[in-house]
Asks: 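Please find one structure pasted underneath; my questions will follow.
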There are 2 protein chains.
Amino acid sequence: MLSYTEENYLKALLMLSFQNEERPEAGTNEMAAYLGVKPATATDMLKKLKEKELVTYQKYGKILLTELGREKATAILRKHRLWETFLYEKLDFSWDEVHEVAEQLEHIQSEKLVNKLEEFLDFPEFDPHGDPIPKANGDIPAIDKVLLSEVTAGEVCKVVAVKDTSAVFLQYLEKLNITIGTKFKVLEVIDFDGSLSIQIEKEEPRSVSMKFAESLFVKR
Amino acid sequence: MLSYTEENYLKALLMLSFQNEERPEAGTNEMAAYLGVKPATATDMLKKLKEKELVTYQKYGKILLTELGREKATAILRKHRLWETFLYEKLDFSWDEVHEVAEQLEHIQSEKLVNKLEEFLDFPEFDPHGDPIPKANGDIPAIDKVLLSEVTAGEVCKVVAVKDTSAVFLQYLEKLNITIGTKFKVLEVIDFDGSLSIQIEKEEPRSVSMKFAESLFVKR
DNA sequence: TACACAAGTTAGACAAGTCTAACAAATATT
DNA sequence: AATATTTGTTAGACTTGTCTAACTTGTGTA
């Protein structure tokens, strides 16, 4: 049985491993920063996780989830995303409100609850932010996506996920009438600052920043 | 902000106060037993709760929730019973499975979540065990109920709640085809051992023990 | 290659919640 | 009323997760 805190460390490591699929190892400071604790605290916890064979690492080395650790972490992520979907779909929470509550709900221990919840939601594949929801067996649905910043002028694409899930960004998207599924055409890419001009069907063209384009995943 | 543990102590005190409405004070040992901790542990926590003005008590005296403590405890009970209802109604959990998971869910912190959940469930007044669900303002719906053991021969009554919520009892009820709303007639009360003979509409008469009769609430 | 800085660890402390063992107060019994 | 029993408290210890401050290791650059 894992403690609430141990679960958070595992999930953090899994999330960090997604940030750079080719280099899935994390550093102590990186992990501490992600969780909002001091590096010393992270080191202590690392020893414990290593003891339980949930991570592999040696002093001053990189941290990697073991197969077991990855399984546990994936199960937590599954719960997190299912709860987010529940809050969004059934309880009318908005895009930017679901995360905080799901952070708590993800720690509820009940196999049955998760699976019943998934069934109740009709086996969703993606959460409200477009992120894939791991299946009960640990499989993670694949999705064909690229950052908007990689799209070239003239292409038409559809929003499939957000990279940045901060409230400010999500609220900005809402204001722009952009949500998962929105289609638009990239009219122009400005080399100078990386900004681009996009046109949502039947709307006026609109200019968005490079930062914006690096926060949104689309399907070409 | 209350810790998970503090919340449990408050809820325990509220539950104990219900056990004997005229004498709502609790003792240290009683409280410790309810929570499954040692009396020494309960004493320590009591000091903390007193410090926070959630209970009134003095050394070697009885424990009583303050107005504030009662409010907090009621809010937790509200969450507990709403979650139980959710699990039972929406996720097909059985009568005897809901409690354990609700014990965890009741600690989730989100005003919005509770209220949205209540709305989603269509403002239920009673949980799957027939217990009243406190309203957002703290009001607790009243219910007209007596223990089955107080009913005399010849009376017809309807099951409105269970006093004992243990899995064994609930499963036994299920086997007997008795649930909230079931109507039956009390045919005979045996003075010798307090057992009684009941007849559910269109079923054969059946004998139940005194213990059984003291575990079920009915409306005459 | 040597040094400086970044990254990571250790030691010692603290708060929360728990325990056991010993003690004190209150209540019940004869 | 004296004593026995129950009830409750205190003291001291342990665990978990956190911190700060000081130290060690690794690495990039001049």
Side-chain angles (χ1 to χ4, degrees), chain A residues 1-13 15-17 19-20 23-65 69 72-73 76 103-104 106-107 109, chain B residues 1-13 15-17 19-20 23-65 69 72-73 76 103-104 106-107 109:
Chain A
M1 183 91 312
L2 299 174
S3 73
Y4 187 104
T5 313
E6 288 168 332
E7 290 196 346
N8 279 334
Y9 278 86
L10 291 182
K11 199 187 62 160
L13 287 170
M15 294 305 282
L16 288 172
S17 83
Q19 278 182 15
N20 198 330
R23 235 186 317 108
E25 325 88 359
T28 304
N29 287 359
E30 195 182 1
M31 189 171 96
Y34 188 93
L35 288 161
V37 300
K38 301 291 163 177
T41 309
T43 299
D44 288 344
M45 179 55 79
L46 240 26
K47 289 181 190 159
K48 214 166 126 194
L49 295 178
K50 187 183 176 180
E51 195 55 44
K52 294 194 174 185
E53 306 201 26
L54 295 163
V55 303
T56 54
Y57 105 112
Q58 10 216 16
K59 264 208 229 178
Y60 299 102
K62 291 294 173 185
I63 311 151
L64 204 55
L65 287 168
K72 302 274 188 192
I76 299 159
E103 282 289 298
Q104 298 180 59
E106 73 191 5
H107 299 290
Q109 308 279 192
Chain B
M1 184 93 310
L2 298 175
S3 74
Y4 188 106
T5 311
E6 288 167 332
E7 290 197 346
N8 279 333
Y9 278 85
L10 291 183
K11 199 187 61 161
L13 287 171
M15 295 305 282
L16 289 172
S17 82
Q19 278 182 14
N20 198 333
R23 235 186 317 108
E25 326 87 343
T28 305
N29 287 0
E30 195 184 0
M31 190 171 97
Y34 188 93
L35 288 162
V37 300
K38 301 292 163 177
T41 310
T43 299
D44 286 346
M45 179 56 79
L46 239 27
K47 289 181 191 159
K48 215 166 125 192
L49 296 178
K50 188 183 176 182
E51 195 56 44
K52 293 194 174 185
E53 306 200 27
L54 295 163
V55 303
T56 54
Y57 105 114
Q58 12 218 15
K59 264 209 228 175
Y60 298 103
K62 291 292 175 185
I63 311 151
L64 203 56
L65 286 169
K72 303 274 188 192
I76 299 160
E103 282 289 298
Q104 299 179 59
E106 73 190 5
H107 299 290
Q109 309 279 188

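Just so you know, these numbers use all the heavy atoms, side chains as well, and skip hydrogens, waters and symmetry mates. In what follows, chains carry the letters A, B, and so on, assigned in the order in which the sequence lines appear, proteins first and then strands, with residues in each chain numbered from 1.
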Asks: Can you tell me how far P of D/dT15 sits from CG of B/Asp44, to the nearest Å?
Replies: 18 Å
Asks: Rounded to whole angstrom units, what separation is found between the CD atom of A/Glu25 and the P atom of C/dG8?
Replies: 12 Å
Asks: By nearest atom, which of the nucleotides C/dT9, C/dT18, D/dT18 is closest to the A/Thr5 side chain?
Replies: D/dT18
Asks: How many Å lie between OH on A/Tyr34 and P on C/dA7, as a whole number?
Replies: 19 Å
Asks: What nucleotide among D/dG26, D/dT18, D/dT9 has an atom nearest to a side-chain atom of A/Thr41?
Replies: D/dT18
Asks: Answer with base, sugar-phosphate or nothing: what part of the nucleic acid does B/Tyr4 contact at a heavy-atom distance below 4.0 Å?
Replies: nothing
Asks: Whole angstrom is fine here: how far is it from NZ in B/Lys62 over to P in C/dA25?
Replies: 18 Å
Asks: With sugar-phosphate meaning primed atoms plus P, OP1 and OP2, does B/Thr28 contact a base, only sugar-phosphate, or nothing at under 4.0 Å between heavy atoms?
Replies: sugar-phosphate
Asks: Return the value, rounded to whole Å, for the distance between atom OH of A/Tyr60 and atom C1' of C/dT9.
Replies: 4 Å
Asks: Using whole Å, report how far NZ of A/Lys47 lies from C1' of D/dT16.
Replies: 14 Å
Asks: Could you state the CG-C1' distance from A/Leu49 to C/dT9, rounded to the nearest angstrom?
Replies: 16 Å
Asks: Is the shortest side-chain N/O distance from B/Lys59 to OP1 or OP2 of C/dA24 below 4.0 Å?
Replies: no
Asks: Scan A/Thr43 against the nucleic acid and name what it touches under 4.0 Å (heavy atoms): base, sugar-phosphate only, or nothing.
Replies: base
Asks: With heavy-atom distances below 4.5 Å as the criterion, would you say the side chains of A/Leu54 and A/Leu2 are in contact?
Replies: yes
